[in-house]
J.: 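One structure is given below, represented as structure tokens, and several questions about it will come after.
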Amino acid sequence: MKFLDLQTQYHRIKPNVLTNIDAIFESGQFIMGKAVEELEDKLSHYVNRKYTLTCSSGTDALLISLMALDITIGDAVFVPSFTFFATAEVVSLLGATPIFIEIEEDTFNIDCNHLNDEIKRVINENILKPRAIIPVDLFGLIANFDEIMDIAQKYDLKVIEDAAQSFGASSKDKKSCSFGHISTTSFYPTKPLACYGDGGALFTDDKELFEKMTLIRIHGQGKNRYIHQRLGLTGRLDTIQAAILLEKLKILDEEIKLRNQIANIYSDKIQNLKTPFIPENNISAYAQYSVLTANIEQRKSILEYLNHNNIPTAIYYPIPLHKQEIYKTKYQNIDLPITEATADRIFSLPMHPYLKEEEINNIIEAINKFTYGV
Ligand SMILES: *Cc1c(COP(=O)(O)O)cnc(C)c1O
């Protein structure tokens, strides 16, 4: 059994993928070939945004969006502490300061009460300038953007939706990557919509931001290649990856449905562990299916038990960002009890659209057998 099975999907789309890649090899258009533009059009249509810009990774998508907002030294950017490192890393790369926010106990997404309190605290301290919020749609569930956008408006902050894990999800019929001033996603192989290497995308409805991000993506180059209007990156998505994504986008909705069917079986049948909470009118992309044990000791023993029974598991994330080596001294006085308890208690079960019924049943049986015994 695999935690993530990329091969079954590949065998399904293989003839088309190989035909597309061969056409690119024959054309020699490896950089910014026509598949890139075609993908950007299809993605805009899928998420219902005016503008889409593909790029080199989810991290670069975040970096490009912060650069387009001119985030710099002295600026404060509010991020959850319970997320992948990149969400805060890009803030620090630009010399700005990440302010770590607590998560909600049930959704694992940013806690709006704590967010509001921390924005007020930073304003009152009057050292840093609050500029932006980066809510993360963790494990594929869209964050609470109704409240987040109200808070952003109140304090005049920009919002970047980190949708690296949620492409294909929706909330009240609005798709992931349609929230906030800019949305970013990742096509890293383990994400719900993935390529065969690194890739990412940015989405916005704001023409001016789109034009800035377009410049930043490729060395500040405008129409004339040798006139550099600002600093930028080698931030392109490869033509080959765009062609692969075009094939994967065709089956995404079906795959999201399959992920939800599997998640529903898990949630119905798993006993004695806390299964994911999905608020009403939300469809998660289930990048991960994560459960909570009672405490860190129970997690250790259940992971050993499942490993012994050849059931692969993973921990996202064992160490919150404010406890990471690079941040822990500076942030030693902050207290994020829910984040810390979650990092101790959480683990993820195998989740991909091609899990077999027998595998799902084995996983559930092993968990129930273990938790019944303790
Ligand atoms: C994966 C991920 C990223 C970074 O994406 P890459 O394509 O690996 O650079 C950023 N934020 C979150 C929440 C992620 O899960």
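Every number for a ligand or one of its atoms is a count from 1 in the order of the listing.
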J.: Is it true that, when you exclude Q332 itself, more than 12 heavy atoms of the residues, nucleotides or ligands shown sit nearer than 6.0 Å to its CD?
T.: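 More than 12 heavy atoms, drawn from other residues, nucleotides or ligands, come within 6.0 Å of this atom.
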J.: Is the closest heavy-atom distance from D198 to ligand 1 below 4.0 Å?
T.: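 So D198 does not count as touching ligand 1.
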J.: Measure the distance from atom 4 (C) of ligand 1 to every protein heavy atom, then report the residue, atom name and distance (to 0.1 Å) of the closest one.
T.: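 That would be T59 OG1, 3.5 Å.
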J.: Show the atoms of ligand 1 that are less than 4.0 angstrom away from any heavy atom in T87.
T.: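 Checking each atom against T87, I get 11 (N).
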J.: Please report the interatomic distance NZ(K212) to CD1(I182), rounded to the nearest 0.5 Å.
T.: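 It comes to 9.0 Å.
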J.: Checking D70 against R230 for the salt bridge (charged side-chain N to carboxylate O under 4.0 Å, His left out) test, could you report, in this order, the C-alpha distance in whole Å, the side-chain angles of both residues, the deciding distance, and whether it holds?
T.: CA-CA 11 Å; D70 299 306; R230 53 180 300 156; 3.5 Å; yes
J.: So which heavy atom in the protein is nearest atom 2 (C) of ligand 1, and how far is it from that ligand atom?
T.: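 Atom 2 (C) of ligand 1 sits closest to the protein heavy atom K191 NZ, 2.7 Å.
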J.: Any N or O of S186 that comes nearer than 3.5 Å to an N or O of ligand 1?
T.: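 Yes, at least one N or O pair falls under 3.5 Å.
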J.: Do other residues, nucleotides or ligands put more than 12 heavy atoms under 6.0 Å from the CD1 atom of I283?
T.: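 Check fails, neighbour count at 12 or below.
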J.: Which of the atoms of ligand 1 are close to S57, meaning less than 4.0 Å from one of its heavy atoms?
T.: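 The atoms of ligand 1 under 4.0 Å from a heavy atom of S57 are 7 (O), 9 (O).
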J.: More than 12 foreign heavy atoms under 6.0 Å from NE2 of H308: is that the case here?
T.: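 Atom NE2 in H308 is not packed in, count stays at 12 or less.
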J.: Flag D162 as yes when one of its N or O atoms lies below 3.5 Å from any N or O atom of ligand 1, and as no otherwise.
T.: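 Checking ligand 1 against D162, an N or O pair does fall under 3.5 Å apart.
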J.: Do any nitrogen or oxygen atoms of Q165 lie less than 3.5 angstrom from nitrogen or oxygen atoms of ligand 1?
T.: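 Yes.
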J.: Hey, can you tell me if F3 and Y316 have their rings parallel, tilted or perpendicular (30° and 60° cut-offs)?
T.: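 Judged by the thresholds at 30° and 60°, the geometry between F3 and Y316 is tilted.
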J.: Considering G200, P189, G58, A164 one by one, which has a heavy atom nearer to atom 6 (P) of ligand 1 than any of the others?
T.: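 Heavy atom nearest to atom 6 (P) of ligand 1 belongs to G58.
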J.: For H322 and E340, test the side chains for any donor-to-acceptor distance below 3.5 angstrom and give the result as yes or no.
T.: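 Yes, E340 and H322 have a side-chain donor paired with an acceptor closer than 3.5 Å.
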J.: Does the gap between the ring centers of Y286 and F139 come in under 6.0 Å?
T.: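 Aromatic pair excluded; centres sit 6.0 Å or further apart.
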J.: Quick check on contacts: which atoms of ligand 1 are under 4.0 angstrom from a heavy atom of T83?
T.: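 Heavy-atom distances to T83 below 4.0 Å select 13 (C).
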J.: Check ligand 1 against V136 and write out every atom of the ligand that is under 4.0 Å from a heavy-atom position of the residue.
T.: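 What qualifies from ligand 1 is 13 (C).
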